[in-house]
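Owing to the predicted nature of the structure, the values given are computational and were not obtained by experimental measurement. Every chain is numbered from 1, with letters handed out A, B, ... down the list of sequences.
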There are 2 protein chains.
Amino acid sequence: MSLGERQQWILKSIVDTYVSTAEPVGSRAIAQQSDSPISSATIRNEMAELEARGLLVQPHTSAGRIPTDLGYREYVDNLMTPAELPEAEKQEIRHELSERVYEFNDLLKRATSLLSVATGYASVSLTPSEQFSYVKQLKFLSIEAERVLVIVVLSAGLVRDRLIRISELISSEQLQLIAGAIEESLQGIPIQEITLVTVESALEGIALPDAILNQLLYEAYISIKQADHLDVYMDGVQRLLVQPEFREATEVHRVYNALHNDGLITGYLTKAQGQGPDRPFMIRIGQEIKLNGLEACSLVTTTYELGDRLCGRIGIIGPKRMEYEKVIPRISFIRESVKEYYDKKSENFE
Amino acid sequence: MSLGERQQWILKSIVDTYVSTAEPVGSRAIAQQSDSPISSATIRNEMAELEARGLLVQPHTSAGRIPTDLGYREYVDNLMTPAELPEAEKQEIRHELSERVYEFNDLLKRATSLLSVATGYASVSLTPSEQFSYVKQLKFLSIEAERVLVIVVLSAGLVRDRLIRISELISSEQLQLIAGAIEESLQGIPIQEITLVTVESALEGIALPDAILNQLLYEAYISIKQADHLDVYMDGVQRLLVQPEFREATEVHRVYNALHNDGLITGYLTKAQGQGPDRPFMIRIGQEIKLNGLEACSLVTTTYELGDRLCGRIGIIGPKRMEYEKVIPRISFIRESVKEYYDKKSENFE
DNA sequence: TTTAGCACTCGGGTTTGGCGAGTGCTAACT
DNA sequence: AGTTAGCACTCGCCAAACCCGAGTGCTAAA
């Protein structure tokens with residue numbers, strides 16, 4: 001590979017121009033750019049070269065060029081220089097971020113929404129989780145006769161709960177006893193490895209009818225499994241859909257289906273979770289995303305960390321023709337702001 | 001008003017045909033219908049009459065007629081005869097409804113999804129609530145040092161909770177004491193009427209630093225207010241969007257924005273909640289829905305009841321050109337199935 | 001090696017004309 | 001009086017023809 005300096009400059013110009021106009025860009029447009037030292041003819045030659053190398057394509061003869069996935073890749077890896085955000089915008093985000101936020105998921109939801117506004121594309125995030133979580137606490141809380149709240153506290157401090165009904169009256173003490181026994185038997189076992197049998201082994205020798213015991217076991221098991229699940233927040237999809245690449249209703253449908261196909265995005269982002277923190281941004285362009293329907297999109301996400309165990313993912317989905325230089329610093333800043341707020345809340349609520 | 005029998009028959013035929021073809025229907029199409037006793041010329045005369053009465057329109061000269069909102073209204077009120085669903089489909093729904101359902105909201109979500117599949121349009125539902133709910137229980141549960149789970153039980157049995165952090169260590173007993181005091185002071189007060197002041201009055205004379213007391217009060221207050229909030233589930237929007245009325249991308253956007261404008265649908269359905277149980281179905285056609293962007297849609301919803309206090313809403317959003325005769329019995333059946341499952345679970349969890 | 005000039009290509013927009021579905025009106029029929 | 005056949009008319013849709021202009025690749029000169 002290794003492009004000449006002039007070719008780099010031309011490629012960058014083409015990408016920048018195409019990003020802002022969404023129209024194939026011709027040699028003249030580049031040549032007329034204020035700081036261009038070279039003529040359109042020369043640019044044409046270089047463009048032909050860039051096309052031969054697979055970085056550009058012509059949608060048809062007599063049209064300008066547009067970048068290929070590879071062209072964007074080159075741009076993203078070597079050519080762009082993300083700009084720092086202006087202080088005013090930082091202030092704005094910091095201010096908006098804390099409005100009407102009552103718990104962490106609110107904060108994340110809000111951050112996701114802000115990210116969409118700040119970038120103008122669709123945003124997604126994954127609720128935090130830890131890689132190998134286990135059950136730290138399990139409680140049965142008697143709410144009324146025959147109704148019990150099952151509370152699961154995971155190792156990293158996540159709390160989930162679930163309301164169940166049981167068929168018999170049972171005292172708080174007994175409930176506590178059972179919960180304690182289950183809790184103890186699960187100490188240190190990663191949730192993925194817990195099975196119904198694991199849980200069952202806990203209750204040897206507790207003096208209660210089998211029926212009720214089995215029900216509680218089952219409910220505890222379900223609650224634990226549910227506790228580990230991830231939510232995905234998505235916002236501003238309409239901002240993505242108004243992009244000119246989706247002028248066709250069928251294109252809109254393809255993207256819509258991909259995004260709202262339950263669990264598809266979640267699964268994808270979860271797999272991406274593995275990315276090391278050395279390369280904080282994951283940028284997938286067009287075909288590189290393997291999800292059916294998102295071929296015309298790019299996905300830029302990053303991992304956010306809370307405390308020293310929890311992490312999640314946040315980022316945006318835009319057209320391939322995306323303002324990468326603007327998007328990156330905004331995701332960065334929001335990632336940091338979320339962490340900051342989380343830490344602040346942890347040590348001292350307002 | 002009062003249409004002649006023949007006019008009724010013609011109007012019904014036109015609506016039925018238009019619903020299935022999405023094309024303006026002409027006099028000949030009606031005349032050729034197998035059971036038509038009359039000629040196209042007569043039908044033309046009647047159609048002109050129906051148009052004069054505002055029940056039909058011609059999109060342009062030399063096109064057939066399509067129903068106006070008023071035409072659909074007449075159809076819905078007087079002409080259609082909803083069919084009972086086949087037993088096979090009932091079985092199917094009953095079977096699907098209970099899969100992987102772990103608590104009521106799962107059931108509702110599942111029901112909503114099934115409704116969309118069964119009708120082929122988008123479906124919406126509102127989580128259950130009661131008209132004048134009050135706080136029945138309030139609990140603070142100490143999870144770890146400095147982390148407390150606030151649990152609110154509403155009068156109808158709804159349970160909501162929220163994890164908070166507090167800045168100081170405080171014993172379980174003290175937490176219970178505070179929660180008890182707040183709980184008592186709120187007995188019988190409708191949630192809408194609770195203010196921060198109401199809550200504050202509870203803690204006269206508890207011996208703890210003001211700072212921590214105030215924080216707990218505030219958190220309790222927020223939790224209570226949050227407990228009352230409604231969720232909306234929506235599913236199968238893509239089924240709506242592929243309808244031919246939304247072939248234009250801009251139309252897709254209008255509908256999309258209306259549906260995903262946070263709180264818009266919720267608010268609308270909540271207001272509709274008031275509908276008496278005498279008229280179980282609310283059918284809003286086109287302009288009758290006052291929401292910007294849904295002019296081409298119809299909204300058919302019904303109230304579901306759980307126990308004797310809780311109720312919510314479930315229904316579908318389709319194009320005006322909707323198979324009302326098929327939609328109604330499906331909503332009915334799902335409403336009943338949800339109630340049935342809820343009751344069954346209440347008395348005896350499998 | 002760069003650039004000016006030029007012939008060529010081809011997509012997009014506009015115009016034109018024919019086709020056909022559907023209508024309203026009139027006159028005949030029951 | 002109500003119904004029906006016949007017919008002229010309207011108008012949206014579609015395809016063909018057409019032009020325009022943007023952009024190219026090539027060639028030859030600087």
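Interface residues of residues 60-68 of chain B facing DNA chain C, ordered by number: B:S62, B:A63, B:G64, B:R65; criterion, heavy-atom separation under 4.0 Å.
Listed for the A:S123 side chain is a donor-acceptor partner under 3.5 Å among the backbone atoms of A:T112.
The list of side-chain hydrogen bond (donor to acceptor under 3.5 Å, both in side chains) pairs with a residue in residues 10-21 of chain A, not counting sequence neighbours, reads A:K12-A:D16, A:K12-A:E325, A:S13-A:Q33, A:D16-A:Y75.
Within the nucleic acid shown, A:S40 has no heavy atom closer than 4.0 Å to any nucleic acid atom.
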field: ring-ring contact (aromatic ring centres under 6.0 Å, His included) between A:H260 and B:H260, intermediate numbers included
entry: CA-CA 12 Å; A:H260 289 81; B:H260 288 82; 5.7 Å; yes
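Distances from the side chain of A:Q58 to the nucleotides C:dT23, C:dT3, D:dG25 place D:dG25 closest.
Between B:T42 and D:dG2 there is no side-chain N or O to OP1 or OP2 distance below 4.0 Å.
Partners of A:F333 by ring pair (Phe, Tyr, Trp, His ring centres under 6.0 Å), not counting sequence neighbours: none found.
The line from NZ of A:K320 to CD1 of A:I285 is 9.0 Å long, rounded to the nearest 0.5 Å.
For A:R44 and D:dG25, a side-chain-to-base donor-acceptor distance below 3.5 Å is present, hydrogens and geometry of angles not being considered.
The distance between atom CD1 of B:I14 and atom C1' of C:dT23, rounded to the nearest whole Å, is 13 Å. Taking atom CD1 of A:I43 as the reference point, atom P of C:dT3 lies 9 Å away to the nearest angstrom.
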